[in-house]
Engineer: 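Here it is, the structure in full.
Note that ligands are numbered from 1 as they come in the structure, with each ligand's atoms numbered from 1 the same way. What you see below is based on every heavy atom in this structure, not just the backbone, and it leaves out hydrogens, waters and symmetry mates.
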Amino acid sequence: MTVTSSSPSPSLRHLITGAGGFLGSHLTDTLLAQGHHVTGIDNFVTGSRDNISHLQTHPNYAFIEHDLTKGLPEQLGNKGGKPNRFDRIWHLASPASPVGYVKHQVVTLKVNSCVAMQLLELAEAHKSRIFVASTSECYGDPLEHPQRETYWGHVNSVGMRSMYDEAKRFMEAATMAYHRERGVDTRIVRIFNTYGPRLAINDGRVVVAFITQALRNESLTVQGEGRQTRSLCYVEDEIRGFLALMDSDYHLPVNIGNPDEVTMIDLAKEIRELCNSKSQIIHTELPPDDPKLRCPDITLAKDRLKWTPIVSRREGLKRTIEFYRNKLGL
Ligand code: UDP
């Protein structure tokens, strides 16, 4: 994937946590293509070696396999050695699907709280700019629609999404505190549902679940009646939004997502058609606290970042289907 965006300056040193994940690996590819140096960290708790295997011999890429919940690695100064300095830190490490964060509840809490604070300290010490990946889940099951950044959210603090939602809300609070009190140069993105090649097949997220089911002519599992909505952003657009935010001077959270809203039942039908599949659609149980509606208001991103998504859902789905058709050998 090549994302066209003007590079802030030639060859900066970037650190990406969660570099083996879906977004981390696409961001890495884009930064390397722009001539930057990238160091990636991951322990593959939900990421995949496959996502970064093509980078092994890249001259500007280094990879550290490390569990950040055990502390920062030596290369970042953990054991008193001389740490590497990075111009930009991207904190993307976290389980990010409902299946993933329920499976790794404590890790999800730690990586978005203790680890985030260690990275904020690192950014302060090294005068790095730091970007943290927050989420539309901060809005919970929203009572405002579409969701603007000014909406405070409607989150169940002890529910089956709370380990993710509350950890991300904490991370936003921590990031703002380091910015206000310590002058750290921070950016906060609220990511809305993003899809594309390299999403893990078994992490339960809807686009890949429907695509793999349709390609295998298995039943498409629509949870509940399927009237709940999501607004799907193609990964290339999302990464372009990340870069625009990182290059901006804006410190408060910014929604990056595609406001093209769709019900899950319509999405199932669309994917079935695009896959030329004979799959049936069946209805399964709706998970607890599943947000009923989700759609970003992206006025802020349009105004401040001059960013807008450009890949249509149909085009993005076609590209994604092609990727999984090849991956599954179908
Ligand atoms: N969903 C579904 N079938 C599936 C997986 C998910 O109908 O096999 C629904 C789920 O109930 C939710 C939406 O798709 O309403 C998006 O789920 P996902 O896990 O992708 O992410 P979320 O937006 O809930 O974090």
Side-chain angles (χ1 to χ4, degrees), residues 18 21-23 46 92 94-105 108 112 133-142 145-147 153-156 159-169 189-235 238 255-272 275 277 279-296 313 316-317 320-321 324:
F22 166 55
L23 293 173
T46 53
L92 307 186
S94 176
S97 77
V99 169
Y101 49 72
V102 169
K103 190 168 167 197
H104 304 286
Q105 300 186 32
T108 301
N112 291 295
S134 186
T135 167
S136 57
E137 288 283 339
C138 287
Y139 303 121
D141 188 6
H145 191 75
Q147 293 80 54
H154 182 227
V155 171
N156 175 357
M160 287 311 288
R161 288 176 177 251
S162 59
M163 71 299 295
Y164 188 67
D165 300 11
E166 295 292 15
K168 291 291 189 185
R169 288 165 68 97
V189 66
R190 288 193 183 140
I191 303 169
F192 282 67
N193 295 67
T194 303
Y195 70 99
R198 300 190 194 157
L199 272 169
I201 285 186
N202 294 322
D203 81 358
R205 275 185 275 196
V206 67
V207 171
V208 176
F210 286 169
I211 288 177
T212 52
Q213 290 163 347
L215 289 175
R216 291 165 167 158
N217 287 314
E218 294 169 0
S219 298
L220 270 62
T221 52
V222 171
Q223 294 173 345
E225 291 177 30
R227 282 199 300 235
Q228 69 275 30
T229 67
R230 294 295 186 270
S231 306
L232 303 174
C233 189
Y234 189 63
V235 62
E238 190 71 32
N255 292 339
I256 298 288
N258 190 327
D260 183 15
E261 191 177 4
V262 62
T263 63
M264 294 305 97
I265 186 74
D266 285 348
L267 179 67
K269 289 176 185 165
E270 186 176 1
I271 288 177
R272 182 173 61 178
C275 291
S277 167
S279 292
Q280 298 196 328
I281 291 178
I282 58 167
H283 293 269
T284 59
E285 207 176 328
L286 193 63
D289 297 339
D290 195 283
K292 288 181 261 315
L293 300 173
R294 181 180 293 153
C295 180
R313 190 170 70 237
L317 286 175
T320 310
I321 289 165
Y324 287 98

Engineer: Quick one: ring pair (Phe, Tyr, Trp, His ring centres under 6.0 Å) partners of Phe192, sequence neighbours excluded?
Structural biologist: none

Engineer: Salt bridge check: are Asp260 and Arg313 linked by an N-O gap of less than 4.0 Å?
Structural biologist: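 Judged by the 4.0 Å cut-off on N to carboxylate O distance, Asp260 and Arg313 do form a salt bridge.
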
Engineer: Is any side-chain heavy atom of Pro291 closer than 4.5 Å to a side-chain heavy atom of Tyr139?
Structural biologist: no

Engineer: Check whether the side chains of Asn217 and Ser277 place a donor and an acceptor atom closer than 3.5 Å, and report yes or no.
Structural biologist: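 Per modelled atom types, Asn217 and Ser277 side chains form a pair under 3.5 Å.
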
Engineer: Does either side chain, that of Tyr101 or that of Asn112, offer a donor lying less than 3.5 Å from an acceptor on the other one?
Structural biologist: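 Checked: Tyr101/Asn112 side chains show no N/O donor-acceptor pair below 3.5 Å.
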
Engineer: Tell me which residues fall inside the under-4.0 Å heavy-atom shell around ligand 1.
Structural biologist: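 Correct list: Pro98, Glu137, Arg161, Asn193, Gly204, Arg205, Val206, Ala209, Phe210, Thr221, Val222, Gln223, Gln228, Arg230, Met264, Leu286, Pro287, Asp290, Arg294.
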
Engineer: Among Thr320, Val207, Thr194, whose side-chain contact (heavy atoms from CB on, under 4.5 Å) with Leu232 holds?
Structural biologist: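 So the option named by the test is Val207.
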
